[in-house]
K.L.:
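Starting off with a structure, shown below.
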2 protein chains.
Amino acid sequence: MRNLTAVVADDHQLIRDGLVKLLNAYRGMEVVGEADNGISAVTLAKTHKPDLMTLDIAMPHAQGIAVYTEVRRWSPDTKIAVFSGITSVALMRDLYAAGAHGMFTKRSDISEFEQSIPILLKGGRVISADAAAMIDAATETTSLSAREQQILSLIANGQTTKTIAKTLGLSPKTVENHRSNIMSKLEVGSMAELLAYALREGLLDSQNQL
Amino acid sequence: MRNLTAVVADDHQLIRDGLVKLLNAYRGMEVVGEADNGISAVTLAKTHKPDLMTLDIAMPHAQGIAVYTEVRRWSPDTKIAVFSGITSVALMRDLYAAGAHGMFTKRSDISEFEQSIPILLKGGRVISADAAAMIDAATETTSLSAREQQILSLIANGQTTKTIAKTLGLSPKTVENHRSNIMSKLEVGSMAELLAYALREGLLDSQNQL
DNA sequence: CAAAACATAGGGGAAACTCCCTAATTGAAG
DNA sequence: CTTCAATTAGGGAGTTTCCCCTATGTTTTG
């Protein structure tokens, strides 16, 4: 009796194979689709509306939280277990806030995920030990306000003070003040150090893939 | 008859499982050790001196080329197939220069690796299609001179024009000119973009691995 | 050898950044 | 209700980038 469906999305074939095997071994569950990029992940979610979906948040063609929210939009009842290979703390934090059901890193013990399946299917939430530790560590070091984080992210994406001011509808002087506050909070003395910090913490949107 | 030995080093359990299964299925081969971090990878290489070793270059405790060279030192006859999950072009280039036998990305088709095993065992070299494309793309874009690369690296590590000038014993103006040339070569228009590029390419010393 | 690339160093000006202030409004915490 | 943090916005001075030049000596390459 197979009444539970699952979709596996990951661009690493080995990981995909492992997860498919694991999910197919789960009683009553069948993997009905596999995706190796963000776009087909969303498509599969739309067509199959699976009960469970594993989602890598770093795949070609569409990255990060965008894929998550798209899947969510087209199949709101699907329970989504996010697997992050890259350890982008900011992304994890966002997904946590966006309400991902499961959060695992690819370094997590796989049995952790296996044991989580029934919980996830019931609508529960599971955050693996190492993912939780990562989020904690991040939130404690990040004493930046929401606005400051937003502006830091824009800076890290190569935007200048002026363009940031324009996109946010603020005075350039305000943006400058925020940046100044960020720098004193993070104890850095130049854009270079600030950038190094920001990029280290994974605040880049697009090109952390290469 | 099992006369070939192999060691699998990868911090992702799913990947490890997949590779172990694949290698054990190879005629006459047996996986005699698994490592989930750089240190135990080196230890296993030292104790087992396997014929073949798969090596992830982004693992906890010791990263990148250091692990490769250590393995090489303790077991020079072991054929090493490098798997890179993170797409650090600089690292790939270095490993290529250091003479890694096999180079695959985790996005590679696994059959590519499977078919490569006999070639690797004979001492041949195999670079998967996508890894080769990556290296080509990198070497063609990186037209920076030695001095320019050095200065870019210093910039990426948070040094200012002045301090760079002092450490290199140059005029600040010279450093500035180099930076300017770098920026026009890389087609970026600000420190922010330059930093983004540099960090992406893995020019940071310590913490580009997070 | 000649040409090209590289490394060195500087002038000058517009723009951006860095750091010192003040100050009004808002919303949350005690 | 009061205090505190956050957000907004600005003044002003000094420094650094950024981008345009010129110029000389060396090294590499065709």
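Below, chain A is the first sequence line, B the second, and so on; all start at residue 1. Any value given below was found using the heavy atoms of this structure, including those in side chains, with hydrogens, waters and symmetry copies removed.
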K.L.:
Which residue lies toward the 5' end of DNA chain C, Q159(A) or L168(B), if each is placed at its nearest nucleotide?
P.N.:
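Residue closer to the 5' terminus by nearest nucleotide: L168(B).
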
K.L.:
Any chance you could measure T5(B), atom OG1, to K49(B), atom NZ, to the nearest 0.5 Å?
P.N.:
11.0 Å

K.L.:
For dC17(C), does OP1 or OP2 lie under 4.0 Å from any side-chain N or O of S180(A)?
P.N.:
no

K.L.:
Send over the distance from H178(B) NE2 to dA9(C) C1', rounded to a whole Å.
P.N.:
10 Å

K.L.:
Measure from the side-chain heavy atoms of T160(B) and tell me the nearest of dA16(C), dT17(D), dT8(D).
P.N.:
dT17(D)

K.L.:
Determine the interplanar angle of the F83(A) and F113(A) rings, folded into 0 to 90°, and report it as parallel if under 30°, tilted if 30 to 60°, perpendicular if over 60°.
P.N.:
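Aromatic pair F83(A)/F113(A) classed perpendicular.
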
K.L.:
Taking the nucleotide of DNA chain C with the nearest heavy atom to each, does I151(B) or S190(A) sit closer to the 5' end?
P.N.:
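Upstream on the strand: I151(B).
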
K.L.:
Expressed as a whole number of angstroms, how long is the span from L194(B):CG to dT17(D):P?
P.N.:
11 Å

K.L.:
Using atom NZ of K166(B) as one end and atom P of dA9(C) as the other, report the distance to the nearest whole Å.
P.N.:
15 Å

K.L.:
Could you give the NZ-to-P distance, from K185(A) to dC19(C), as a whole number of Å?
P.N.:
16 Å

K.L.:
Which part of the nucleic acid does N177(B) contact within heavy-atom distance under 4.0 Å: base, sugar-phosphate only, or nothing?
P.N.:
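Counting heavy atoms under 4.0 Å across all strands, the contact made by N177(B) includes a base.
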
K.L.:
Which heavy atom in I182(B) sits nearest to a heavy atom in E148(B), and how many Å separate them?
P.N.:
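Closest approach of I182(B) to E148(B), heavy atoms only: CD1-O, 3.3 Å.
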
K.L.:
Once you round it to whole Å, what is the distance between C1' of dT16(D) and CE of M191(A)?
P.N.:
12 Å

K.L.:
Side chains of Q150(A) and R147(A): donor-acceptor distance under 3.5 Å anywhere?
P.N.:
yes

K.L.:
Would you say S171(B) places a side-chain N or O within less than 4.0 Å of OP1 or OP2 belonging to dG10(C)?
P.N.:
yes

K.L.:
Please report, rounded to the nearest Å, how far the P atom of dC17(C) is from the CZ atom of R179(B).
P.N.:
13 Å

K.L.:
Expressed in angstrom and rounded to an integer, what is the separation of K173(B) atom NZ from dC20(D) atom P?
P.N.:
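Atom-to-atom, K173(B) to dC20(D), this comes out as 13 Å.
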
K.L.:
What about E176(B), does its side chain sit under 3.5 Å from the base of dC18(D) through a donor-acceptor pair?
P.N.:
yes

K.L.:
Look only at the side chain of T78(A) and the backbone of P50(A), and say whether a donor-acceptor pair between them is shorter than 3.5 Å.
P.N.:
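Yes, T78(A) side chain to P50(A) backbone: donor-acceptor pair under 3.5 Å.
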
K.L.:
With heavy atoms under 4.0 Å as the rule, sort T174(B) into base, sugar-phosphate or nothing.
P.N.:
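Contact class for T174(B): base.
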
K.L.:
Please state how far atom CD in E193(B) lies from atom P in dC17(C), giving the value in whole angstrom units.
P.N.:
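Between P of dC17(C) and CD of E193(B): 12 Å.
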
K.L.:
Quick check: on DNA chain D, is the nucleotide nearest T161(B) upstream (toward 5') of the one nearest R147(A), or the reverse? Name the residue that is more 5'.
P.N.:
R147(A)

